[in-house]
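In what follows, every chain begins at residue 1, and chains take the letters A, B, ... in the order their sequences are listed.
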Amino acid sequence: MSDALPAGTPTTRPRLLLVDGHSMAYRAFFALPVEKFASSTGQPTNAVFGFTSMLANLLRDEAPTHVAVAFDLARTTFRTERYPEYKGTRDASPEPFKGQVPIIRQLLETMHVAVLDKPNFEADDILATLAAQARAQGMEVLVCTGDRDALQLVNEDVTVLYPVKGVSELARMTPAAVEARYGVGPERYPDLAALVGETSDNLPGVPGVGPKTAAKWITAYGGLEGVLASAEQVPGKAGESLRAHLDQVALNRELNRLVDDLDLPLGPADLAVQPWDRPALHTLLDELEFRTLRDRLFAMLPDDGADASTQTQAAPLDLVELAPGGLAGWLAARARTPLALDVRGTGAPAAGDAWGVALADGDGQAVAYDLADITTADEQALAAWLADADAPKVVHASKAAWHALAGRGLPLAGVTFDTELAAYLCQPDRRAYDLADLAIGYLHRELGADDASAAQGSLDLDLGGTDEARRAGERAAAVRDLSEVLAGELADRGAGGLLDELELPLVDVLARMERTGIAIDGDYLSGLERTFDAAVQGAAAEAYAVIGREVNLGSPKQLQEVLFDQLGMPRTKKIKTGYTTDAAALTDLFARTQHPFLEHLLAHRDAIRLRQTVEGLLRSVGADGRIHTTFQQTIAATGRLSSTDPNLQNIPIRTEAGRQIRRAFVVGTRHETLLTADYSQIEMRIMAHLSGDEGLIAAFRSGEDLHSYVGSRVFGVPTDEVTPAMRSKIKAMSYGLAYGLSSYGLSQQLSVEVGEASALMADYFERFGGVRDYLTGVVDVARATGWTATILGRRRYLPDLTSDNRQRREVAERMALNAPIQGSAADLIKVAMLGVDRELTRRALGSRLLLQVHDELVLEVAPGEREEVEALVREQMGAAGDRVPGGFDVPLDVSVGVGGSWHEAGH
DNA sequence: AAGAGAACGTA
DNA sequence: CGTACGTTCTCTTC
């Protein structure tokens, strides 16, 4: 982009800082007294502290524009393969050092510093590779490492920063400095090291030859090659010694040569210094109890008023202690104004409990109550306010609060803003939305280190003391203030409607679904467990018999030994830890070798998986005989829900044995039947709508079988002559397109030549050109705007679309293809859920929603309501498209099934 | 004890 | 070299 700069703009040369993480962390560990550095939990932190301190100094003093840290992965590398004794004298790392490296990596992650590692190679090889690439791109490079081998990298563009004392004093090793220190230039340094040896690497040198002699020889004979070639002529005792150790010297040189042409996921251009994830960094530094270092770090930032040292102060909180019975009056004085609500308790569905609440108004006043101590009058006032749908409330993670309060018999209604949901709509790719993190990120305000209610509201903090009451009040005040900032952020994104009309109303629906749960036939499920367990035992025994010994069949490592060493099978696809033993690979191996071990192994895998699923479900059955999952509303970046504790969105269905598990999900005793309703081909319908492709839209309007219709157009035959093989190819391709499938990927899936796959895709696009135009267009638009959008305007931000790194860019492109489709489907079913729930309530029916599985709803139907509920569900799911601005161009077909179990209700 | 990686279930 | 998830197990932690 530099050629796009206007003439005369001063350009500074990019400067890349590369750090050998292990080397510097290890130095730091020995430089600082471990007994002086430990958090209150006993976690030693001296290496973390020293490393971070060093990094902070480097960032401040060297002002790099790009930065990366490389780590060794394991002791074994290609060097130890070549020479097992390499680094063999190194002691095991001290106990207190272990565990500090992951913390350092975590810290680097929050600072958005790229971290690299590569199996079989050392960090220095990564640094060498990046240094070479950066130099070729005209960058200046600083390499910070305690490994002298890196001195070979030094040149006019590359300087090594070598620690001389602790980690705070670094020697600048320029070409001149290397020459001055060792008597040879950097390019000859590894020659010298090969002769002298390197104790720390367990590479013996030529006895009697030190750096002085080595430098003299190297200069005299023109490098190590010259020395070796002329070994016969080297005079004296030292010469004799050299001749006796030629092999070792050659080996030393081979081993100390750094690899500078590794394949790395990131190139220098990807390493630009990024703004820190301040909330996460604060959290981490809190955990580590690094107070002064935090100040040092944040003091380095440009003074934009947003860091810890210059945080904006909250208006002082006026925590009011009302007289007993005073709450009703306090609330009445604030009727119809939004109050923030903080609930302390546990938010597990059907097992929640609340023990403290705090309310904050917009003027800096707050009240807090311990629910164990509250007077009856105040509790009644609180209960009435909580349940009043017309009393507006602002909450963080309102579904967890809903469950916690429900556990106390306190219904919650009238939530008009949820800061967690709002933050999710603004930043859907975030992993977590802790209140404390959001307060720092959006308000530049630190809440107590004891953190806010997580999604599950698992904080057990009682309000017995004034400190706790004050903290609760401060959280409520933060929620209140956050809601205003986030409301503005939402408006900027055009997402206010998504919150008000979709996500927020859905909270109540989901909360009731979770609290209701789904009934389980426990006896049947226990029987299944025994069946699957027997299958596990049987398969294991047969597998052991075949190979003549017992191994852990669940250990990929041990399986690799058996398959590739003991049984000598052909290697499978390479993975980080060797060769894959996944089901696809094993099936392929079985097809080739017919080895019975593979058959038993695969059977064992299946059985153990089924047993595991069943056991997990059994553990989750509540006292009421029902399973209460939690639907996560802020996890999936596309807008889907996810399900945890347990996950009920991945209950098996594809195999017969798996389907047995669905028989365990049954209708509850007071209800008549389960009903499932799912959208057919929802994603393809969205593709048709979004692309506006006339052929595809016509396909859906025709009411014919989609894949046969498309197949007839692609293959140029009448619909009724589309063979099952043709149809399944079309089906695979159609769905693949929504994921960014390549012709290679398609060929793999269909087991056909790449040429055939790409011809198939070409024919498809020939007939359905609108789809092709849409797919290319959606990526282009996203690249230009920085985001994708669903039919209801839900955005996903994809900054990597403009990455220089091809792999990252292509990943982002596939996300851009898929996010509008998957996300629009999520929008539609959420609209449908609201419609279904609204109608069930309006008509005062006893039937209720239980589960959502992305394109499917599961309901429990009350006696006598089956027909009405089926019609209502069809109507509401079918009408979800009406909510789309401009209308939805394709009919939404719904198929419905009914039965006593989820299996029977399926179709 | 905690995290990473592998494997695998769903849409 | 196809997106989005959650769970469980093993192995490792220079």
To the nearest Å, give me how far apart CG (L817(A)) and C1' (dC1(C)) are.
14 Å
Give a yes/no on whether any side-chain N or O of T577(A) is located under 4.0 angstrom from OP1 or OP2 of dA6(B).
yes
Just checking S743(A): base, sugar-phosphate only, or nothing, at a heavy-atom cut-off of under 4.0 Å?
nothing
Between CD of Q748(A) and P of dG2(C) the distance, given in whole Å, is 9 Å
Short side-chain N/O contact from T638(A) to OP1 or OP2 of dT3(C), under 4.0 Å
no
Over all strands shown, is P102(A) touching base, sugar-phosphate only, or nothing at heavy-atom distances under 4.0 angstrom?
nothing
In whole angstroms, how far is the P atom of dG2(C) from the OH atom of Y744(A)?
8 Å
Using whole Å, what does the distance between atom C1' of nucleotide dG9(B) and atom CD of Q660(A) come to?
16 Å
Write down the distance between CG (N650(A)) and P (dC8(B)), rounded to a whole number of angstrom.
14 Å
Tell me what I575(A) touches on the nucleic acid: a base, only sugar-phosphate, or nothing, going by heavy atoms under 4.0 Å.
sugar-phosphate
On the nucleotide dC11(C), are OP1 or OP2 found under 4.0 Å from the side-chain N or O atoms that K557(A) carries?
no
Which whole-number value in Å describes the distance from L610(A) CG to dT8(C) C1'?
14 Å
Is any NZ, NE, NH1 or NH2 atom of the basic residue among R148(A) and E198(A) found under 4.0 Å from an Asp or Glu carboxylate oxygen of the other?
yes
Heavy-atom nearest pair, P44(A) first then V34(A), reads CB-CG2, 3.9 Å
I want to verify a distance call: between dC8(B), dT10(B), dT10(C), whose nearest atom is closest to the R662(A) side chain?
dT10(B)
Sugar-phosphate only, base, or nothing, as touched by Q822(A) at under 4.0 Å among non-hydrogen atoms:
base
Would you say dA4(C) has OP1 or OP2 under 4.0 Å from some side-chain N or O of S642(A)?
no
Is the shortest side-chain N/O distance from Q558(A) to OP1 or OP2 of dC11(C) below 4.0 Å?
yes
Once you apply a heavy-atom cut-off of 4.0 Å, does A738(A) come out as touching a base, just sugar-phosphate, or nothing?
nothing
Look at S643(A) and dT10(B) and indicate whether a side-chain polar atom (N or O) is within less than 4.0 Å of OP1 or OP2.
no
So what does I821(A) touch, heavy atoms closer than 4.0 Å: a base, only the sugar-phosphate, or nothing?
nothing
Tell me which nucleotide among dA6(B), dC8(B), dG9(B) gets nearest to the side chain of P556(A).
dA6(B)
Interatomic distance, D582(A) atom CG to R605(A) atom CZ [nearest 0.5 angstrom]
7.5 Å
Identify whether any heavy atom of R796(A) sits under 4.0 Å from a base atom; if not, whether one sits that close to sugar-phosphate; answer base, sugar-phosphate or nothing.
sugar-phosphate
Counting heavy atoms from C-beta on, name the nucleotide in dG2(C), dT3(C), dC5(C) closest to the side chain of A637(A).
dC5(C)
Using a cut-off of strictly less than 4.0 Å, decide whether R814(A) has a side-chain nitrogen or oxygen near OP1 or OP2 of dT3(C).
yes
Could K399(A) and E420(A) be called an ion pair, given the rule that one side-chain N must be under 4.0 Å from one carboxylate O?
no
Which part of the nucleic acid, if any, lies within contact of I651(A), taking any heavy atom under 4.0 Å across all strands shown: a base, the sugar-phosphate backbone alone, or nothing?
sugar-phosphate
Categorize R619(A) for me: base, sugar-phosphate, or nothing, with a 4.0 angstrom heavy-atom threshold over every strand shown.
sugar-phosphate
When the distance from CD of Q649(A) to P of dG6(C) is rounded to whole Å, what number comes out?
9 Å
Does a side-chain N or O from R654(A) land closer than 4.0 Å to OP1 or OP2 of dT10(B), or not?
yes
Contact class for G745(A) vs. all strands (heavy atom < 4.0 Å): base, sugar-phosphate, or nothing?
sugar-phosphate
R685(A) with D893(A): basic N within carboxylate O range, under 4.0 Å
yes
Search all heavy atoms of A738(A) against all heavy atoms of I821(A) and return the closest pair with its distance.
CB-CD1, 3.8 Å
Would you mind classifying the nucleic acid contact of I653(A) as base, sugar-phosphate or nothing, using non-hydrogen atoms under 4.0 angstrom?
sugar-phosphate
Counting the atoms with a prime plus P, OP1 and OP2 as sugar-phosphate, which does T580(A) contact under 4.0 Å by heavy atoms, base, sugar-phosphate, or nothing?
sugar-phosphate
Any R640(A) side-chain nitrogen or oxygen under 4.0 Å from OP1 or OP2 of dG6(C):
no
Could you tell me how far apart K576(A) (NZ) and dA7(B) (P) are, to the nearest whole angstrom?
13 Å
Does Y739(A) have its ring centroid less than 6.0 Å away from the ring centroid of Y735(A)?
no
